[in-house]
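Notes follow the structure.
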Amino acid sequence: MFDLIIRNANLPDGREAVDICIRDGEIAETGSKIEATATAEIDATGRLVTPPFVDPHFHMDATLSLGLPRMNHSGTLLEGIALWGELRPVLTREAVVERALRYCDLAVSQGLLAIRSHVDTSDPGLVTVEALLEVRAKVAPYIDLQLVAFPQDGYYRSAGAVETLNRALDMGVDIVGGIPHFERTMSEGAASVEALCRIAAERGLPVDMHCDETDDPMSRHIETLAAETIRFGLKGRVAGSHLTSMHSMDNYYVSKLIPLIAEAEINVIPNPLINIMLQGRHDTYPKRRGMTRVRELMEAGLNVAFGHDCVMDPWYSMGSADMLEVGHMAIHVAQMAGIDDKRKIFDALTVNSAKAMGLKGYGLAKGCHADLVILQARDPLEALRLKAHRLAVIRRGKIIARSAPKISDLMLEGRPAKVDGAEYAPLRMATS
């Protein structure tokens, strides 16, 4: 006797008509036509069942603050930073908590059940840190929320940032962050990488650093981050986020850089929506798009995970907590439209991001947490094409969000009465 059985599920690895049996919040058994009973059953009817979506790079302290105190009229990264600097002094803990909890509601509805959020530690009052620590505790039953101590105004550039970052870590923030390209000089940026990696090593914490979020090909702090990762014994515990300068670097230098990143076992976290929106702003034409070298990094064996980064905040006026929207954009801007490419893109929204966050019990194997999403699509390729509707979101074996299938009524003489966009794919996807 099980608590829940999901029947006739298609899995991301290509298996079809699979039954998933759940007991005590864990996956107890998977297989074909399992003869068993349960308190509840769901017939997935050949739709895709996946582990939940994971966002390894987000800014929850700023989310849903669009228009406060004003709009970002240029749409640039630097105006966004300046705008956040205007808003930060008037933030209240209650307002940050309210907006973050509203965002988490939206995330759950989208099947997004794990988020790593950078938290600005530049404010001496650490209002955002206090707020997100409260949010982390409140959402723990349904979202795995990790927090990164992020010196938005620079570790050395901003007075008091060294002290406030350490205070944030003492308060219980999980991860050491940084922004070396925003320091006054390249040398201070490199020094900040060394100092922050040293703190992580001493405290036994991971590192997740905004790194080279710029069009400048000479912004090479990822090289320093890789070297310091090896030096301090942090392999596998470090993430380099953005890395947009790599799209402007010459190929010879990159041929040296990528093996160094691989040697350091750094997790790479591009943010397709925001990277292509904010980069290339000084270009006329040809105009650079700003995303890092996703295909080359994947081919080098690096763990590449995609983040959403922002939703309706000073940097990005759009967004909907939909990681499939992130993957959909990545397919286009990275020109990864092949069948194998799309499967890799889907992995970058799920298993790769879970690895980058170090999540335990994630997946569809026996013994994993029964955290699942049923999508109105047959396979990962169709899920990405459609940005598929979420039919059910399950956390530890319990349904925490559900919606009816997205089907349109059609009033055309001689044509079908209903249209389901998920039925328009070929019956069998080609394999090559």
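Numbers here simply count residues along the sequence, with the first being 1. As a basis for the values below, the full set of heavy atoms in this structure was taken, side chains included, without hydrogen atoms, waters or symmetry mates.
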Basic-acidic side-chain contact under 4.0 Å: [X], [Y]:
{"X": "Asp3", "Y": "Arg23", "value": "no"}
{"X": "Arg198", "Y": "Glu194", "value": "yes"}
{"X": "Arg93", "Y": "Glu134", "value": "yes"}
{"X": "Asp379", "Y": "Arg15", "value": "no"}

Quick one: [atom1] on [X] to [atom2] on [Y], what's the gap to the nearest 0.5 Å?
{"X": "Glu16", "Y": "Leu11", "atom1": "CD", "atom2": "CG", "answer": "9.5 Å"}
{"X": "Asp212", "Y": "His221", "atom1": "CG", "atom2": "NE2", "answer": "6.0 Å"}
{"X": "Leu145", "Y": "Arg136", "atom1": "CG", "atom2": "CZ", "answer": "7.0 Å"}
{"X": "Asp215", "Y": "Gln279", "atom1": "CG", "atom2": "CD", "answer": "4.5 Å"}
{"X": "Leu381", "Y": "Asp340", "atom1": "CG", "atom2": "CG", "answer": "9.0 Å"}
{"X": "Leu169", "Y": "Thr164", "atom1": "CG", "atom2": "OG1", "answer": "10.0 Å"}

Is it true that the side chains of [X] and [Y] contain a donor and an acceptor less than 3.5 Å apart?
{"X": "Ser248", "Y": "Arg288", "result": "yes"}
{"X": "His242", "Y": "Asn275", "result": "yes"}
{"X": "Asn303", "Y": "Glu265", "result": "no"}
{"X": "His328", "Y": "Asp322", "result": "no"}
{"X": "Ser320", "Y": "Glu325", "result": "yes"}
{"X": "Ser117", "Y": "His59", "result": "no"}
{"X": "Trp84", "Y": "Asp120", "result": "yes"}
{"X": "Glu213", "Y": "Thr244", "result": "no"}
{"X": "Asp216", "Y": "Thr214", "result": "no"}
{"X": "Asp347", "Y": "Asn352", "result": "no"}

| field | Counterpart residues, ring-ring contact (aromatic ring centres under 6.0 Å, His included), relative to Phe182 (two or more places apart) | value |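 Testing Phe182 for ring-ring contact (aromatic ring centres under 6.0 Å, His included), a comparison that skips the adjacent residues, returns none.
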Check [X] against [Y] and note the closest heavy-atom contact, atom names and distance.
{"X": "Ala264", "Y": "Thr229", "answer": "O-CG2, 3.6 Å"}
{"X": "Ile6", "Y": "Ile374", "answer": "CG2-CD1, 4.3 Å"}
{"X": "Leu196", "Y": "Gly178", "answer": "CD1-CA, 3.7 Å"}
{"X": "Val193", "Y": "Glu228", "answer": "CG1-CG, 4.1 Å"}
{"X": "Ala149", "Y": "Val173", "answer": "N-CG1, 3.3 Å"}
{"X": "Gly307", "Y": "Val326", "answer": "O-CG1, 3.7 Å"}

Would one find more than 12 heavy atoms of other residues, nucleotides or ligands at under 6.0 Å from atom [atom1] of [X]?
{"X": "His73", "atom1": "NE2", "answer": "yes"}
{"X": "Gln335", "atom1": "CD", "answer": "no"}
{"X": "Met171", "atom1": "CE", "answer": "yes"}
{"X": "Arg402", "atom1": "CZ", "answer": "no"}
{"X": "Arg231", "atom1": "CZ", "answer": "yes"}

Is there a donor-acceptor contact under 3.5 Å from the side chain of [X] to the main chain of [Y]?
{"X": "Asn166", "Y": "Asp170", "value": "no"}
{"X": "Lys287", "Y": "Asp283", "value": "yes"}
{"X": "Lys235", "Y": "Glu263", "value": "yes"}
{"X": "His308", "Y": "Cys310", "value": "yes"}
{"X": "Gln146", "Y": "Met357", "value": "yes"}
{"X": "Asp61", "Y": "Thr128", "value": "no"}
{"X": "Asp309", "Y": "Asn271", "value": "no"}
{"X": "Ser158", "Y": "Gly154", "value": "no"}
{"X": "Tyr103", "Y": "Val311", "value": "no"}
{"X": "Asn10", "Y": "Gly46", "value": "yes"}

Report yes if the side chains of [X] and [Y] come closer than 4.5 Å at any heavy-atom pair, otherwise no.
{"X": "Ile394", "Y": "Val373", "result": "no"}
{"X": "His247", "Y": "Arg293", "result": "no"}
{"X": "Leu234", "Y": "Val207", "result": "yes"}
{"X": "Arg220", "Y": "Met249", "result": "yes"}
{"X": "Phe306", "Y": "Ile269", "result": "no"}
{"X": "Val54", "Y": "Thr350", "result": "no"}
{"X": "Leu324", "Y": "Leu384", "result": "yes"}
{"X": "Arg295", "Y": "Met336", "result": "yes"}

| field | Tyr253 vs Glu223, side chain to side chain donor-acceptor pair (under 3.5 Å): CA-CA, chis, key distance, verdict | value | CA-CA 11 Å; Tyr253 175 68; Glu223 179 183 72; 3.2 Å; yes
| request: Not counting sequence neighbours, which residues clear side chain to side chain donor-acceptor pair (under 3.5 Å) with Ser241? List them please. | output: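 Side chain to side chain donor-acceptor pair (under 3.5 Å) list for Ser241, sorted by chain: His57, Asp208.
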| query | Parallel, tilted or perpendicular for Phe53 and Phe346, by the 30°/60° rule? | reply | perpendicular
| query | Are His210 and Phe150 close enough that their ring centers fall under 6.0 Å? | reply | yes
| task | Determine, step by step, whether Met246 and Leu297 satisfy the side-chain contact (heavy atoms from CB on, under 4.5 Å) criterion, reporting the C-alpha distance in whole Å, the side-chain angles of both residues, the deciding distance to 0.1 Å, and the verdict. | result | CA-CA 11 Å; Met246 286 184 69; Leu297 291 161; 4.2 Å; yes
| query | Does the side chain to side chain donor-acceptor pair (under 3.5 Å) test come out yes or no for Ser122 and Gln152, once each step is laid out? | reply | CA-CA 6 Å; Ser122 299; Gln152 173 77 74; over 6 Å; no
| field | Evaluation steps, side-chain contact (heavy atoms from CB on, under 4.5 Å), between Met329 and Ile276 | value | CA-CA 9 Å; Met329 182 60 74; Ile276 68 167; 3.4 Å; yes
